[in-house]
Amino acid sequence: MLGNPGEHAFLNALANNGWRVIAPSLPGFTGSSESNTLRNLHDWVVAASELVDIAGVAGVPIVASSVGAMVALELAAIRPEAFDAMVLVAPFGLWDPQDPVADPFATTLTNQRKMLTVDPAASASFFDDSEDMPADLLVEHGVDRYLTRSASAQLIWPIPEFGISERLHLVKNPVTLVHGDKDAIIPPSYMEKWAQMLPNVAGTHLVEEAGHHAEFDRPEHVAAIVKSALS
Amino acid sequence: MPYPELPPDFPEEHRSVWVDIDPTLFDPEVGNRTYNEYLDELEFAAGCGFDAVGVNEHHSNGYGLMPSPNIIAAALSRNCPDTNIIVLGDSVALYNPPLRVAEEIAMLDGITGGRMVAGFPVGSPMDTIFAYGQNPATLRERYHEGVDLIRQAWTRDEVFAYNGKYNKLRYVNVWPRPVQKPHPPIWIPGGGSVDTWDWCAQEDLVYCYLSYFGYKAGLKTMQGFWKKVQENGKEPNPFQGGFAQFIAVADTEKEAWDLYREPAEYFFNTCLHVYAGFADPPGYKTPNTVRAGVEGMVERAAREATARSESKKSRGGGGFPKGLSFEEMVEKGYVILGDPTQVAEQVHELATTMHIGHLMAFCHFGNMNKELVRYNTEMYATQVMPEVSGLFEDEFEDLWWPQPLAEAARRDVPEVPAS
């Protein structure tokens with residue numbers, strides 16, 4: 001559950017393990033319907049729960065990142081059987097006033113891109129349009145991009161902390177934590193905070209030369225971590 | 001209501017005048033003086049014969065010192081008996097519940113005997129999303145629900161339950177009731193949202209384009225609104241449109257150039273020094289507005305301010321590039337400047353080309369001193385206004401103007417005790 005699916009090297013790397021990889025598009029994200037019927041985090045978690053059932057994947061391992069990892073953890077807290085093992089890349093959900101999560105939206109689009117990955121090319125599939133794209137498609141891609149960013153904002157505005165620390169003891173699933181060492185949004189120190197609160201931590205991995213979306217910056221490396229965690 | 005004493009190097013040394021402006025720059029003594037001078041100026045304008053005086057709402061902002069417009073309106077309510085008061089307006093989604101707006105405007109309408117206009121803006125991204133932490137994805141829906149709640153609260157003659165998506169109220173009962181029936185006129189200040197045009201047209205609400213960038217740049221926006229009015233099968237009554245314009249009038253054109261240069265440059269180059277990252281949070285615009293490529297006025301101001309800052313960085317921090325020159329502001333129509341005849345001609349052109357029945361004249365902008373504000377205000381009221389007032393009144397009726405109680409029935413000034 002990556003929020004913004006599509007052709008990503010990371011998904012391909014997972015599939016190369018011989019796994020069947022299902023990458024849903026969360027409400028509002030590219031390829032999905034708008035998220036305007038979802039009022040709050042509760043609605044998002046219910047939607048994710050429905051998604052698991054409709055896709056018929058309850059009880060399978062999950063790999064989730066960023067806002068998707070936050071939703072996955074919330075669902076696991078109330079419905080642990082929704083997933084088997086979990087691999088979570090830089091989840092939102094905690095807030096340390098001494099070391100706060102950066103605001104990824106109080107910035108220009110150019111700077112936001114810099115906050116997401118160390119290598120700008122790693123997020124090209126989301127931010128860049130091909131030069132020969134027809135004008136009308138270009139406009140629609142721009143609208144899709146805007147709606148995807150809106151859906152992320154809807155989930156985590158204004159402070160991405162909704163009391164999950166009170167519910168983490170309910171997450172019985174084995175959780176592997178992954179975090180980019182150059183995450184410009186969630187400080188890498190947060191991985192240790194999650195590890196201290198989750199009851200069943202299977203491993204922690206700080207990925208070098210990786211930003212918030214470590215799976216975009218280092219797809220093969222993060223896929224190898226996933227393979228190791230789920231094998 | 002700008003804070004008038006930001007340091008001269010503010011654009012060079014500070015990221016933004018809005019949201020994260022340095023709190024230590026605020027001098028309470030300046031605040032005390034400024035609030036009272038501004039109230040004096042509004043009361044002076046009322047005494048000069050303006051049809052109304054206006055107040056608005058901004059937060060965490062060095063160019064607008066009015067987080068609560070209703071407080072300023074209340075301060076004016078008993079000292080301006082011969083004019084109307086336009087609150088333009090209360091950012092409905094920021095009030096929890098928005099019923100508070102219904103109550104306060106009803107109170108003001110009661111105090112003034114029905115001389116109120118109620119304006120309901122969505123609010124700028126800086127005010128709503130950043131300063132007040134509203135979720136950009138739900139702001140507009142929350143806003144529309146709030147306006148609906150207020151309108152029902154003013155018009156339904158019963159206690160009712162309101163089961164909204166964002167507002168759950170078991171007993172809605174605004175007490176006091178507004179003087180005006182069915183309610184005070186509702187004006188919607190907009191910044192260029194395509195969907196706001198359509199909504200105002202459908203609901204017969206006044207659409208006010210509060211642009212910083214004058215009538216030449218604002219024409220496209222107003223044409224967009226009038227097109228929606230026609231598409232909805234409505235009469236394009238100019239009194240359903242409003243526009244804000246900076247005015248700089250003096251006895252002679254040369255005098256106007258001399259007098260208004262500094263305050264105009266202070267406003268456009270310091271008060272609009274907004275960081276671009278605050279101007280366009282994802283979810284604030286509707287998909288239709290994104291699709292139409294409409295850039296809001298705040299977004300434009302922020303983009304230009306940030307471009308200047310980044311230009312400075314790319315030059316190694318030396319020699320901050322000058323902002324817009326006063327000559328450019330006048331040439332582009334941001335500021336209408338001249339002697340009374342010249343200004344009247346331009347205002348006439350503005351009103352007729354944009355089809356505008358309500359003009360909000362910014363006679364105070366930037367760091368004008370009080371004498372200059374009074375001069376500009378009086379010149380406009382006495383020498384320009386008579387030339388342009390009543391422009392559309394032969395052909396159209398203003399359906400969006402306050403309907404106060406008859407003067408004999410009104411009691412809206414302080415009573416002086418018998419000695």
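Within every chain, numbering begins at 1; the chains are lettered A, B, ... in the order of the sequence lines, protein sequences first and strands thereafter.
For chain B, the nearby part of A:V139 is the side chain; its heavy atoms alone come within less than 4.5 Å. Proximity to chain A is limited to the side chain of B:E141, based on heavy atoms less than 4.5 angstrom apart. There is no contact between A:N40 and chain B, counting heavy-atom distances below 4.5 Å.
Aromatic ring centres of B:F130 and A:W157 lie closer together than 6.0 Å.
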Next item on the list: Given ring-ring contact (aromatic ring centres under 6.0 Å, His included), test A:W194 with A:H179 step by step and report yes or no.
Entry: CA-CA 11 Å; A:W194 286 111; A:H179 212 111; 9.4 Å; no
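Two residues are said to be in side-chain contact when any heavy atoms from C-beta on lie closer than 4.5 Å; A:H213 and A:S123 fail this criterion.
Taking the ring axis of A:Y190 as reference, the NZ or CZ atom of A:K193 stays within 45° of it and closer than 6.0 Å to the ring centre.
Salt-bridge check for A:E209 with A:R218: failed, with every basic side-chain N at 4.0 Å or more from each acidic carboxylate O.
No other option in A:A153, A:A151, A:A106, A:G142 has as many heavy-atom pairs under 4.5 Å with chain B as A:A106. Per-residue counts of heavy-atom pairs under 4.5 Å with chain A were compared for B:P281, B:P136, B:P287; the largest is that of B:P136.
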